[in-house]
Amino acid sequence: MDGDTLYSIGELARRTGLTVKKIRFYSDRGIVAPAHRTPAGYRHYGQDAIARLALVRTLRELGVGLDVIRHVTDQELTLNQVVAEHAAALDVQIKTLRLRQAVLATAARREPTFEEMERMHQLAMLSEAERRRLTNEFLDTVFDGHHSEAGHGAIRRSMTPELPDSPTQEQIEAWVELAELSLDAGFRASLRSLVEDHMADLPDGAATPPRPDVVAVTRDLVETAVSSGISPDSPEADAVVATLTAGRALAVGCPDDALLQDWLLQRLKAAIDPRRDRYLALLAVINGWPAPESLEPVIDWSVKALTIRTAR
């Protein structure tokens, strides 16, 4: 078949799989112009119309607008320029859809009110700068001016979520939940109390090294007992508790007596907050870190063991 062959609009429809109405529409828009019109006004198209319509159909299925397609078919834009720009636009749309999916998936696991649903949506749609402002405001409240003292700057950085440019669905869902958690006034107060307690443990004088955190020391001393299945009310737990209180008495320079044991018990009770474990777990997902080990079993064991012995 030579290049002079002309097709009626019906024949063109059969060859391209497009409807006559659609081809006429594209023709009226100047995207696929007829090569000839009969005296009666019927349109006839050349062979190039088949290739142009195939391109138009592909670009339309990819979501490219008709005005852009006309620029391509008129050779005012190269196909490479169009597909590159459209790929970038689709990337933005995909990210938006994933954020919306994250909100819906998070909501599906609970029964949110309309207000909670709206808040989740707003948190998911925050820009990077807005996410950073939210995080900084949360950490400013928690550390309240202590971020530059005794290594708290490093602790603050270790608590900062960094959502990557191309987050996974799991990371997006984790960000929405973590952002909600960071807005919880009770959680903020709980963390701030822990920071203030830690600051109170610090010795006077910059030359003196800071004492280890109460929770960290407890974890190091008690986790073996917990993993070994030692009951907090068993005789085997006596030695563990004695080591814990003696070490703390030495660190703070106080007698290992009932007052210190009660102080340690109250400090550990204040550290029991499942929201903190949840924050750290979500933080690990967002930042791509290994999942942290929950401190709850260790602290719970220690509180029970100390409660039993301070009551004797």
Side-chain angles (χ1 to χ4, degrees), residues 1-109 112 114 117-118 120-131 163-176 288:
M1 199 174 287
D2 57 57
D4 295 331
T5 301
L6 296 178
Y7 304 99
S8 69
I9 198 167
E11 291 170 335
L12 199 59
R14 285 191 294 274
R15 287 178 175 270
T16 62
L18 296 170
T19 64
V20 169
K21 182 179 180 181
K22 185 70 72 176
I23 294 174
R24 186 177 291 116
F25 173 73
Y26 291 151
S27 185
D28 291 341
R29 294 295 298 268
I31 294 173
V32 181
H36 174 71
R37 281 183 182 268
T38 69
Y42 292 110
R43 312 177 206 204
H44 286 85
Y45 298 85
Q47 277 191 308
D48 66 314
I50 297 176
R52 290 168 74 90
L53 285 171
L55 174 62
V56 171
R57 181 172 58 186
T58 299
L59 292 177
R60 287 299 290 155
E61 288 174 350
L62 290 172
V64 179
L66 288 176
D67 289 339
V68 176
I69 291 174
R70 188 173 63 248
H71 288 313
V72 173
T73 56
D74 291 344
Q75 297 185 344
E76 295 173 7
L77 286 172
T78 67
L79 187 57
N80 183 61
Q81 289 175 311
V82 171
V83 297
E85 291 180 8
H86 197 61
L90 284 175
D91 186 54
V92 173
Q93 293 178 35
I94 289 169
K95 288 181 179 179
T96 300
L97 288 173
R98 288 170 64 188
L99 287 169
R100 291 174 181 171
Q101 184 183 34
V103 171
L104 293 173
T106 303
R109 290 193 294 270
F114 290 120
M117 187 76 178
E118 176 63 20
M120 283 190 287
H121 174 67
Q122 291 175 351
L123 291 173
M125 299 303 291
L126 292 179
S127 67
E128 180 181 356
E130 290 169 333
R131 290 197 302 269
L163 193 66
D165 292 336
S166 299
T168 64
Q169 182 68 24
E170 185 184 20
Q171 287 174 314
I172 295 171
E173 291 182 28
W175 157 254
V176 173

Under the side chain to side chain donor-acceptor pair (under 3.5 Å) rule, collect the residues that match up with [X], sequence neighbours excluded.
X: Asp28; answer: Arg43
X: Gln169; answer: Glu173
X: Tyr45; answer: Ser27

Taking atom [atom1] of [X] and atom [atom2] of [Y], what is their separation to the nearest 0.5 Å?
X: Met120; Y: Leu104; atom1: CE; atom2: CG; answer: 8.5 Å
X: Arg52; Y: Ile69; atom1: CZ; atom2: CD1; answer: 11.5 Å
X: Leu55; Y: Arg57; atom1: CG; atom2: CZ; answer: 11.0 Å
X: Ile31; Y: His71; atom1: CD1; atom2: NE2; answer: 10.5 Å
X: Gln101; Y: Ile94; atom1: CD; atom2: CD1; answer: 12.0 Å
X: Leu123; Y: Ile172; atom1: CG; atom2: CD1; answer: 13.5 Å

Give me the atom names and distance for the closest heavy-atom approach of [X] to [Y].
X: Ala13; Y: Thr19; answer: CB-C, 4.3 Å
X: Pro164; Y: Gln171; answer: CG-OE1, 3.5 Å
X: Gly30; Y: Asp74; answer: O-OD1, 4.4 Å

Going by side-chain contact (heavy atoms from CB on, under 4.5 Å), name the residues that satisfy it together with [X], two or more places apart in sequence or in a different chain.
X: Glu128; value: Arg131, Arg132
X: Met125; value: Thr96, Leu99, His121
X: Ile50; value: Tyr7, Leu12, Arg15, Thr16
X: Gln122; value: Glu118

Point to revise | Over 12 foreign heavy atoms within 6.0 Å of CD, Glu11 | key: yes
Check your understanding: Applying side-chain hydrogen bond (donor to acceptor under 3.5 Å, both in side chains), which residue pairs with at least one partner in residues 31-40 are found, sequence neighbours left out?
Key -> none
Point to revise | Side-chain heavy-atom pair Leu53, Ile23 within 4.5 angstrom cut-off | key: yes
Check: residues 58-68 side-chain donor-acceptor pairs under 3.5 Å, at least two apart:
unit_1 : atom_1 : unit_2 : atom_2 : d
Thr58  : OG1    : Ala54  : O      : 3.0
Arg60  : NH1    : Val64  : O      : 2.9
Asp67  : OD1    : Arg29  : NH2    : 3.2

Study note, to complete from the structure: Sorted by chain and number, sequence neighbours left out, salt bridge (charged side-chain N to carboxylate O under 4.0 Å, His left out) with Asp91 holds for Lys95
